[in-house]
Amino acid sequence: MNHPANKQSFTVTTPLYYVNDVPHIGHAYTTMAADTIARWQRLQHRDVLLITGTDEHGQKIERTAIAAGVDPQVHCDRIVERFDSLWSKLNIKYDRFSRTTAANHQSVVKDFFQRVWESGDIYQGTQQGWYCVACEEFKEERDLLADNHCPLHPSKQVEWRDESNYFFRLSKYQQQLEALYAERPDFILPNSRRNEVLKFVAQGLQDFSISRVNVDWGIPLPADPQQTIYVWFDALLGYMTALLEPGEEPTLDNALAQRWPINLHLIGKDILRFHAVYWPAMLMSAGLPIPDRVFAHGYFTKDGKKISKSEGNAIDPIELVDRYGAESLRYYFLKGIEFGQDGDFNETRFVEIVNADLANNLGNLVNRTLNMAKKYCQGQVPNCNAADISADNPLKVLGQKLGTQVSLAYDNLAFKEACEAIITLAHSSNKYIDDLAPWALFKQEKHAELAEVLYAALESARLAAYLLAPIVPKISTDIYRQLGLAIDFDLVGGNNLVGSDVNVSNLSASCQHHLEWGILKANDLLGEPRPIFAKLELPLVVSD
RNA sequence: GGCUCAAUAGCUCAGUCGGUAGAGUAGGGGACUCAUAAGCCCUUGGUCGUCAGUUCAAGUCUGACUUGAGCCA
């Protein structure tokens, strides 16, 4: 993730989601993770751009709209609204929402197409074969199910196509791609996904078609306006369009002037091939630098079973967030699942994890410590400073290492590891309090010792809150407020909320050293203790 | 059919260079009282998917197999 040439800026993308259907839990997962990374980078004083958006062209959209009796653009607008409202519910602070139907996107696509055209990598050819509209791809006959049904869409029949199309000379880039993977072993992560790509490329690459005839809902091909650009070619370029400043003249050069190449593409494992093979090859052809990293995360099962429409066991993210709230969901998906591996969503486990960590462990730590400070220290930070606390105080020892440790975890997208390290500090703090029994120290009038113990515990809670802020910003803000620190972790970046720009620099400046242990100042006024997280109720067990 | 990854406690997962298996959580018990019946301590849980091989020694290395997830335009 190092980006020496442009160290202060960090650009991360979610996929541009295909608008053939309303958002599902997978969309929410990728976007929560992207938002967490973006928030982390902003806290580290980087100039962050979080890009999300929608991919709106293609025959599938056209047909879905027609079936619903609306204009494709109307259909897209409706779905986009659903996405945007979910992002708002999940407290996602994106900077750019890139739509492939936006006017400026067409110009960028034209410019890019022109570059690839000039490098001689586009040619006209014929493509015959079975086409699945749902996949927007040609299929090999041997892969089809009985009666020409698509293996990925068993309810749909493939259609025979015999088209004159334009092709991209992917085959030309096999060696360059293999060199790229070899030179940059962490271009594709995790490793298991990288292996898949390596094998795929080693089999030999075939040129792929980048245009469609008889699809009106798309961007006309500059070289032949009778055809439209294949959705994937179009969609990947949406990342570039997103880099344009609002109102800027929409040229490719302008789009790439500031932030190209992108630091991180976060994707689901289903679209790895497009991002790890086609996309870098397209960029090579256009003579452009390649993004730093493509990270493919896993899929979910629900209670151990594959999620599918026919099973009717889809997880509706809107229903979940309405029932449990954004902070719980964000915490569960990032702490409860190893990022990069497949995970399971189980409601009981969800409630258990969130309650154990956020209410019992961290929540209770904050609450009990503040209550003691209120009773024993007149509601002030105990009269003690970090420097006065001995170097072998267990919480100081842990706290001084934690910032580095958690930074590393976030930089590696190891969210689970980050949470575990933070919760370990909270546990150690609870144990430390029990061991030293401040209530007894108070009765014995050992005020200096009492101050030290409570200071160490409060400061550890503060550090935990700071480090968790990218995941649970509202809880962190609440803990900070109770500690008497007026920092709102939600006023960080993101153009989808009014007034945020102003606050970005203020915020990262106001918590410049908060990664370190020992920020609370002796005798500062504390806030009123109040539970930071109300426990969730276990779902009723329904027997089938 | 080819390939990738996974399989360890009820659940979710660690397990480095091969040296007789760990954590969190859930279950059981205890002492405490500052606290959200939270926290702390102790504790019950494992033939490490199966079978072979290499080795003084295999969760770990090798091969085959089983099951699951995925990729093969």
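So that the names make sense, note that chain A is the first sequence line, chain B the second, and so on, each numbered from 1. Everything numeric here is computed off the predicted structure, so don't read it as measured data.
U54(B) makes up no base pair with any nucleotide shown, lacking Watson-Crick or G-U wobble contacts both under 3.5 Å. In this structure, G27(B) and U43(B) make a Watson-Crick or G-U wobble pair, each of the two defining distances being under 3.5 angstrom. The partner of C3(B), taking Watson-Crick or G-U wobble pairs whose two distances both stay under 3.5 Å, is G70(B). Across all strands shown, A21(B) has no partner, as no Watson-Crick or G-U wobble contact with both distances under 3.5 Å is found. Under the Watson-Crick and G-U wobble criteria, each requiring two contacts below 3.5 Å, nucleotide G49(B) is paired to C65(B).
Each of Ile337(A) and Ile353(A) has a nearest nucleotide on RNA chain B; the 5'-most of these lies closest to Ile337(A). When each of Leu358(A) and Glu352(A) is assigned the nucleotide of RNA chain B with its nearest heavy atom, Glu352(A) is the one assigned upstream, toward the 5' end.
One atom, CD1 of Ile479(A), and another, C1' of U36(B), lie 13 Å apart when rounded to the nearest Å. Here the C1' atom of nucleotide A26(B) and the CG atom of Asn346(A) are 12 Å apart, to the nearest Å. One can place CG of Leu365(A) at 14 Å from P of A35(B), the figure rounded to the nearest angstrom. Atom CD of Gln341(A) is separated from atom C1' of A7(B) by 12 Å (rounded to the nearest Å). What separates CG of Asn361(A) from P of A23(B) is a distance of 16 Å, to the nearest Å. Summarising the geometry, the separation between OH on Tyr331(A) and C1' on U12(B) is reported as 13 Å, rounded to the nearest angstrom.
Nucleotide G45(B) carries a syn base; the chi torsion (O4'-C1'-N9-C4 or O4'-C1'-N1-C2) is within 90° of 0.
When only modelled atom types and interatomic distance are considered, Tyr480(A) and Arg462(A) share a side-chain donor-acceptor pair under 3.5 Å. Tyr17(A) and Thr31(A) share a side-chain donor-acceptor pair at under 3.5 Å. In the model, His57(A) has no side-chain atom that pairs as donor or acceptor with a side-chain atom of Thr228(A) under 3.5 Å. Using a 3.5 Å distance cut-off with no hydrogens or angles, the side chains of Asn361(A) and Asn430(A) do pair a donor with an acceptor.
Across all strands shown, Gly336(A) has heavy atoms under 4.0 Å from sugar-phosphate atoms exclusively, and none from any base. At a threshold of 4.0 angstrom between heavy atoms, the contacts of Tyr376(A) are confined to the sugar-phosphate backbone, with no base atom among them.
If you check A35(B), C13(B), G70(B) against the side chain of Lys269(A), the one that comes closest is G70(B). Among the nucleotides C5(B), C72(B), A35(B), the one closest to the side chain of Ser192(A) is C5(B).
OP1 or OP2 of G39(B) lies within a sub-4.0 Å distance of a side-chain N or O belonging to Asn360(A). Distances shorter than 4.0 Å separate none of the side-chain N or O atoms of Lys374(A) from OP1 or OP2 on C34(B).
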| message | Under the criterion side-chain contact (heavy atoms from CB on, under 4.5 Å), I'd like the reasoning laid out for Val397(A) against Asn393(A): C-alpha separation, chi angles, the key distance, then a yes or no. | response | CA-CA 6 Å; Val397(A) 171; Asn393(A) 177 294; 5.9 Å; no
| said: side-chain contact (heavy atoms from CB on, under 4.5 Å) for Val354(A) and Tyr324(A)? Distances and angles first, verdict last. | reply: CA-CA 10 Å; Val354(A) 167; Tyr324(A) 292 115; over 6 Å; no
| message | I'd like to know whether Tyr123(A) forms a ring pair (Phe, Tyr, Trp, His ring centres under 6.0 Å) with Tyr166(A), so could you lay out the CA-CA distance, the side-chain angles of the two residues, the decisive distance to 0.1 Å, and finally the verdict. | response | CA-CA 5 Å; Tyr123(A) 64 92; Tyr166(A) 288 83; 9.0 Å; no
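Aromatic pair His265(A)/Tyr239(A): centroids less than 6.0 angstrom apart. Between Phe295(A) and Phe339(A), a ring centre-to-centre spacing shorter than 6.0 Å is recorded. Aromatic ring centres of Phe345(A) and Phe333(A): separated by under 6.0 Å. A ring-centre distance under 6.0 Å is not found for Tyr278(A) and Tyr173(A).
Of all heavy-atom pairs spanning His275(A) and Pro280(A), the tightest one is O-CD, 3.2 Å.
Using atom C1' as the reference point in both G46(B) and A14(B), the two lie 15 Å apart (nearest Å). For U20(B) and G59(B), the P atoms lie 10 Å apart once the distance is rounded to whole Å.
Near RNA chain B, meaning a heavy atom under 4.0 Å from it, residues 463-474 of chain A has no residue at all. Listed by residue number, the members of residues 414-439 of chain A with any heavy atom below 4.0 angstrom from RNA chain B are Lys416(A), His427(A), Asn430(A), Lys431(A), Asp434(A), Trp439(A). Sorted by residue number, the members of residues 194-212 of chain A with any non-hydrogen atom under 4.0 Å from RNA chain B read Asn195(A), Glu196(A), Lys199(A), Phe200(A), Gln203(A), Gly204(A), Leu205(A), Gln206(A).
Ion pair Arg481(A)/Asp478(A) flagged as a salt bridge, since at least one NZ, NE, NH1 or NH2 atom sits closer than 4.0 Å to an Asp/Glu carboxylate oxygen.
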